[in-house]
A.B. asks: 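This is the structure I want to talk about, given as structure tokens.
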Amino acid sequence: MSNTQQIIEITERYGAHNYHPLPVVIERAEGVWVEDPEGRRYLDMLSAYSALNHGHRHPAIVRALKEQLDRVALTSRAFHNDQLGPFMAELADLCGMQMVLPMNTGAEAVETAIKAARKWGYVVKGVPHSQAEIIVCGGNFHGRTVTIVSFSTEASSREDFGPFTPGFKVAPYGDVAAIEALMSDNTVAVLVEPIQGEAGVVVPPAGFLSALRSLCTRRRALLILDEIQTGLGRTGKLFAHQHEEAVPDLMTLGKALGGGILPVSAVVGSREVLGLFRPGEHGSTFGGNPLAAAVGRAALRTLVDEKLAERAAEIGAYFKASLCAIDTPAIDHVRGRGLLIGVVLKQGRGGARPYCERLMEVGILCKETHEDVIRFAPPLTITREEIDWALERIAPILAE
Ligand SMILES: *Cc1c(COP(=O)(O)O)cnc(C)c1O
């Protein structure tokens, strides 16, 4: 009906400008490919910030959605539904954990983990009431609610949005000694990302997560890992903490948990912590609805059946090595794990945005993160041939 220009105009006129999208309209999509109203095709190398690990409209997940839609979509938690129990059992099993609390968005899962940790602090650890402290890391991204931006170190996330929620301390990312120095008897948890995606695909020093695991055990604080972006195969393992066998007490999942179709998130963890919630203390009208649970089950099944984590490890290693081999003064270095890759550009090159615009023109969709990093995070279903297709276009643009 409308062309790209008209759609962008109406979107900009009526929508709050809380995003700065590339000037491309996606009208249809399948697998790793998307198409605009004029019929131009693009390779999706952002995957909705890793929500599309399975690719667009994966047939097995679409089938599960349609079948569930013909039975029941929404019940609320006032009643049981037949999908939620199996979904939580399958998710707990895949994570090697005991209990699950389902929500919808990533930010809600993080909020839930914060509440759970505080409650554990008061009820189990014996922290004096309203004194609980949680340690987080500089450069963090855990979502956009007021409590979560309270401990952001990003000026634009916070500036005009105070007053903020107290009870958080910020240590430099990757620095276990600094985290320990901030700990007190009132510390109930350390909340970190195994790799900081939004900060520009920042990989912590080797041994950070396992050292953090030991520290948290020694000081009786919970280790909360936010795997909303890194989890479910993205980094070449089912969960990024498996690279160091640093098992968290609580883990937040979201994004790809919804199979690229619906918002589905969860906190997964121990019975000692998640078992503390009593009726009325927490909840969500849509959290755990049967449609989301059926889609989540299909997303988990597909992840395992199609060995998406293994694919991410193999294809990601090839892609990263190929990016490193591009001979250009524009690239400072390439970092990341699996299919979560950041190309860090040298300072003074005008930032990553113009490169992403040029890549769009040749049929590759990706997005700058921070000023100088291009994030490449295609669906984990991408083939080696499609990676080669992308490299043929990426290399000349980075060498321009
Ligand atoms: C995307 C993201 C979130 C927030 O998820 P939403 O669904 O956007 O609320 C939280 N933590 C991390 C690490 C993320 O990447």
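Order of appearance sets the numbers: ligands from 1, and atoms from 1 within every ligand. The first residue in the sequence is number 1, and the count goes up from there. Because the structure is predicted, anything quoted here is derived from the model rather than measured.
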A.B. asks: Can you tell me which residue among Ile387, Thr381, Thr383 is in a side chain to side chain contact (heavy atoms under 4.5 Å, CB included) with Val32?
C.D. replies: Thr381

A.B. asks: Please tabulate, one pair per line, all N/O donor-acceptor pairs under 3.5 Å involving side-chain atoms of residues 291-299, not counting sequence neighbours.
C.D. replies:
{"from": "Arg297", "atom 1": "NE", "to": "Glu90", "atom 2": "OE1", "distance (Å)": "3.0"}
{"from": "Arg297", "atom 1": "NE", "to": "Glu90", "atom 2": "OE2", "distance (Å)": "3.3"}
{"from": "Arg297", "atom 1": "NH1", "to": "Gln83", "atom 2": "OE1", "distance (Å)": "3.1"}
{"from": "Arg297", "atom 1": "NH2", "to": "Glu90", "atom 2": "OE2", "distance (Å)": "2.8"}

A.B. asks: According to side-chain hydrogen bond (donor to acceptor under 3.5 Å, both in side chains), who are the partners of Glu368, at least two apart in sequence or on a separate chain?
C.D. replies: Arg353

A.B. asks: May I have all residue pairs that pass ring pair (Phe, Tyr, Trp, His ring centres under 6.0 Å) and include part of residues 75-123, sequence neighbours excluded?
C.D. replies: Tyr122-His129

A.B. asks: Give me the ring orientation class for Trp33 and Trp389: parallel if the planes are under 30° apart, tilted from 30 to 60°, perpendicular past 60°.
C.D. replies: perpendicular

A.B. asks: Above 12 or not: heavy atoms from other molecules or residues under 6.0 Å from NZ of Lys346?
C.D. replies: yes

A.B. asks: Could you list each N/O atom of ligand 1 together with any protein N/O atom closer than 3.5 Å, one pair per line with the distance?
C.D. replies:
{"from": "ligand 1", "atom 1": "7 (O)", "to": "Gly106", "atom 2": "N", "distance (Å)": "2.8"}
{"from": "ligand 1", "atom 1": "9 (O)", "to": "Gly106", "atom 2": "N", "distance (Å)": "3.4"}
{"from": "ligand 1", "atom 1": "9 (O)", "to": "Ala107", "atom 2": "N", "distance (Å)": "2.8"}
{"from": "ligand 1", "atom 1": "11 (N)", "to": "Phe141", "atom 2": "O", "distance (Å)": "3.4"}
{"from": "ligand 1", "atom 1": "11 (N)", "to": "Asp226", "atom 2": "OD1", "distance (Å)": "3.4"}
{"from": "ligand 1", "atom 1": "11 (N)", "to": "Asp226", "atom 2": "OD2", "distance (Å)": "2.7"}
{"from": "ligand 1", "atom 1": "15 (O)", "to": "Gln229", "atom 2": "NE2", "distance (Å)": "2.8"}
{"from": "ligand 1", "atom 1": "15 (O)", "to": "Lys255", "atom 2": "NZ", "distance (Å)": "2.6"}

